[in-house]
Chemist: 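Before anything else, here's the structure in question.
Sequence positions, counted from 1, serve as the residue numbers for this chain.
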Amino acid sequence: MLPPRQRLVGEIAMRVASFALVAVSALALSGCGLTRLLDRGEPTPTTELDPAVHAAAVSGDRAVVWVASNGCTDKDSLSAVVRRRHDGPQLVLSRLRPDDCGRPQSVEMTWTFEELGLKSGESLTVANPYRQPPDAITTAAR
């Protein structure tokens, strides 16, 4: 058994180590929250306002995306933001207003790399969820 003074020093060392572990964990977790706060300027996909993507192609310094529409979606009704990520740029499409018109369909939208602030030849992925277009769903159901 250790003398009381050494035991006290050992307990204090354990408490300091525990406090350091809690402090480092809190700092790491606050980084996640800080990242979310810093990302607030960029739209992130939401299930209600962001369009589902039916198809996408990147070629010749252009991004062509077919998005879900109810008949009123045009390029001016969407926000196209490029989010820089560790694995390359990612296009995030967000609706600026709901599309409550007509019947479901796909609408083709094209953005040049210049419009998106990308350099020629950069890779690009799309963050929005991919879903089958309405006519493919109807055909599959028959």
Chemist: As an exercise, state the distance from OG of S106 to CZ of R131, rounded to the nearest 0.5 Å.
Modeler: 12.0 Å
Chemist: Testing E108, Q105, H54 for side-chain hydrogen bond (donor to acceptor under 3.5 Å, both in side chains) with W66, which one passes?
Modeler: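 Going through the options one by one, the only one that passes is E108.
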Chemist: Using side-chain contact (heavy atoms from CB on, under 4.5 Å) as the criterion, list what pairs up with A80, not counting sequence neighbours.
Modeler: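 With neighbours one apart ignored, the set is L91, L93, W111, L116.
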Chemist: T125: what forms a side-chain contact (heavy atoms from CB on, under 4.5 Å) with it, not counting sequence neighbours?
Modeler: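 For T125 the side-chain contact (heavy atoms from CB on, under 4.5 Å) partners, ignoring immediate neighbours, are Q90.
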Chemist: Under 4.0 Å between a Lys/Arg side-chain N and an Asp/Glu carboxylate O for K75 and E115?
Modeler: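 Result for this pair is yes, salt bridge flagged.
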Chemist: Tell me the closest heavy-atom pair linking V92 and R83, and the distance in Å.
Modeler: CG2-NH2, 3.3 Å
Chemist: Quick one, T73 and P51 - any side-chain contact, counting heavy atoms below 4.5 Å?
Modeler: no
Chemist: Got a sec, which residues hit side-chain contact (heavy atoms from CB on, under 4.5 Å) with D87, two or more places apart in sequence or on another chain?
Modeler: R85
Chemist: Mind checking whether Y130 and V58 sit in one hydrophobic cluster, side chains of I, L, V, M, F, W, Y counted as touching below 4.5 Å?
Modeler: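 Same cluster: Y130 reaches V58 through Ile, Leu, Val, Met, Phe, Trp or Tyr contacts under 4.5 Å.
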Chemist: Looking only at non-hydrogen atoms, find the nearest pair between P89 and S123 and report the distance.
Modeler: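 Between these two residues, the closest heavy atoms are CG-O, 3.0 Å.
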Chemist: Any chance you could measure S79, atom OG, to R95, atom CZ, to the nearest 0.5 Å?
Modeler: 12.0 Å
Chemist: Could you report the tightest heavy-atom contact between D99 and G71, atom names first, then the distance?
Modeler: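 Between these two residues, the closest heavy atoms are OD2-N, 3.4 Å.
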Chemist: Say whether, by atom type as modelled, one donor and one acceptor occur between the side chain of D61 and the main chain of G121 under 3.5 angstrom.
Modeler: yes
Chemist: Locate the shortest heavy-atom distance separating S69 from V107; write the atom from each residue and the value.
Modeler: CB-CG2, 3.2 Å
Chemist: Are E122 and R84 close enough for a salt bridge, meaning some N to O gap below 4.0 Å?
Modeler: yes
